[in-house]
Amino acid sequence: MKTKQLQDVPRTFALILETGDEIVTELRRFAEAQSLTGSSFKAIGALSDAKLAWFDWESKKYKVPADIQEQVEVLSLIGDIALKDGKPEVHAHMVVGKKDGSAHGGHLQTAHVRPTLARVDFDRITQRAAEAD
Amino acid sequence: MKTKQLQDVPRTFALILETGDEIVTELRRFAEAQSLTGSSFKAIGALSDAKLAWFDWESKKYKVPADIQEQVEVLSLIGDIALKDGKPEVHAHMVVGKKDGSAHGGHLQTAHVRPTLARVDFDRITQRAAEAD
Amino acid sequence: MKTKQLQDVPRTFALILETGDEIVTELRRFAEAQSLTGSSFKAIGALSDAKLAWFDWESKKYKVPADIQEQVEVLSLIGDIALKDGKPEVHAHMVVGKKDGSAHGGHLQTAHVRPTLARVDFDRITQRAAEAD
């Protein structure tokens with residue numbers, strides 16, 4: 001186990017995503033725009049579709065058992081932002097609820113919001129100081 | 001996507017709900033008593049029953065596929081408080097675990113705690129200054 | 001309902017658990033090493049196995065319907081640390097996603113990480129002052 005203590009900036013960004021927004025794209029764009037080097041987030045909402053993956057330990061590859069093409073509730077979205085090759089990367093897992101009340105989930109690959117994902121709380125923020133280009 | 005930066009009050013209310021408490025009612029009552037205008041929360045616990053809904057995009061109405069009348073674990077409860085018509089409103093999604101280990105969930109309509117919901121962390125708090133009546 | 005207001009220390013410990021780590025053991029060890037008297041945490045990751053329990057209200061005992069012996073995604077791990085008989089105790093609930101995308105879960109008894117549980121955000125921290133032995 002590795003541990004790291006953060007002196008939190010007591011600050012949160014509350015995001016609201018709207019119909020048609022692709023979650024990973026929007027969160028990455030936000031993280032880049034704000035020069036985030038790290039953050040955690042959680043959210044709830046609803047979707048028109050989602051690709052949720054499972055990591056196959058044997059092949060060391062992601063498979064997508066949950067390729068969802070129907071309206072679902074986002075029961076939980078938990079994830080974080082970390083730098084990879086100098087750029088903020090989104091890592092998130094999601095649980096969704098279907099029309100029959102059953103729950104499904106996996107590693108978030110892509111998902112489109114409908115009608116909202118609200119609210120996404122971005123906190124535990126570490127940020128790069130503004131730099132000259 | 002809309003974003004808003006909150007200057008967090010570094011403060012949390014840790015709530016414990018007990019047998020028979022209805023979650024939405026208690027959280028709304030707490031938000032009103034504390035004059036909350038916004039907050040996020042998360043919790044775990046257990047329930048005797050729950051009505052969990054799914055939003056039907058076609059009819060724009062909530063349906064209740066998960067009308068649960070048995071003891072379940074609350075695997076996650078994530079939600080927020082926001083003002084609607086000047087009053088704090090609770091918006092929350094829940095995942096529950098049944099006797100067979102299967103997970104179910106939806107938009108929280110009502111749920112009764114048994115034996116506890118602990119602990120509910122209310123943070124990211126915005127609050128109205130005390131006003132004269 | 002009981003409520004308690006915490007003056008948060010604006011501080012988080014971000015933990016990363018690695019292959020083979022047993023989650024409850026590691027979190028308890030961490031809480032003891034840091035003299036935590038209270039904290040909340042959330043995390044995502046993946047596992048090689050997990051025992052997830054359901055509380056039987058009739059017998060007042062935990063049963064283990066989800067004795068999982070396969071690679072799963074940790075879709076959400078939410079829990080807290082509280083003192084019991086003067087020692088920090090871990091209380092956590094977990095949702096996991098299987099190879100077919102289905103979600104399962106319960107009260108966390110034991111679980112082994114593979115390849116990572118990242119990141120575990122320990123916040124809402126209350127801590128005992130360092131004492132002489």
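From a predicted model like this one, the values you see are computed outputs, not experimental measurements. Naming convention: chains lettered A, B, ... in sequence-line order (proteins, then strands); numbering from 1 in each chain.
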Backbone N/O of [Y] and side chain of [X]: donor-acceptor pair under 3.5 Å:
X        : Y        : result
B:Gln71  : B:Arg114 : yes
B:Gln127 : B:Gln34  : yes
C:Thr37  : C:Thr126 : yes

Check whether C:Lys63 gets within reach of chain B through its side chain, its backbone, both or neither, counting any heavy atom under 4.5 Å. neither
Is it the case that more than 12 heavy atoms not belonging to B:Lys98 sit under 6.0 Å from its NZ atom?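 Atom NZ in B:Lys98 is packed in, count exceeds 12.
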Leading residue by heavy atom contact count with chain B [cutoff under 4.5 Å; candidates C:Gly38, C:Gly106, C:Ser102, C:Ala66]: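 Ranked by heavy-atom pairs under 4.5 Å with chain B, first place is C:Gly106.
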Residues of residues 16-23 of chain C within contact distance of chain B, non-hydrogen under 4.5 Å: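 So far as heavy atoms go, nothing in residues 16-23 of chain C approaches chain B to under 4.5 Å.
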N/O donor to acceptor pairs below 3.5 angstrom from side-chain atoms of residues 77-94 of chain B, sequence neighbours left out:
residue : atom : partner  : partner atom : Å
B:Asp80 : OD2  : A:Arg119 : N            : 3.4
B:His93 : ND1  : A:Val74  : O            : 2.7
B:His93 : NE2  : A:Glu73  : OE1          : 3.3

Highest number of heavy-atom pairs under 4.5 Å with chain C: which of B:Pro115, B:Ser76, B:Ala46? B:Pro115
Please walk me through it: do B:Leu52 and B:His104 pass side chain to side chain contact (heavy atoms under 4.5 Å, CB included)? CA-CA 9 Å; B:Leu52 305 176; B:His104 307 260; 5.7 Å; no
So does C:Glu26 pair up with C:Arg29, basic N to acidic O under 4.0 Å?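 Yes.
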Please step through side chain to side chain contact (heavy atoms under 4.5 Å, CB included) for the pair B:Leu15 and B:Phe41, ending with a clear verdict. CA-CA 10 Å; B:Leu15 281 56; B:Phe41 55 85; over 6 Å; no
Is it the backbone or the side chain of B:Val72 that comes under 4.5 Å from a heavy atom of chain C, or both, or neither?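 Backbone only.
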Tell me, for B:Lys42 versus chain C, whether the close heavy atoms (under 4.5 Å) come from the side chain, the backbone, both or neither. side chain
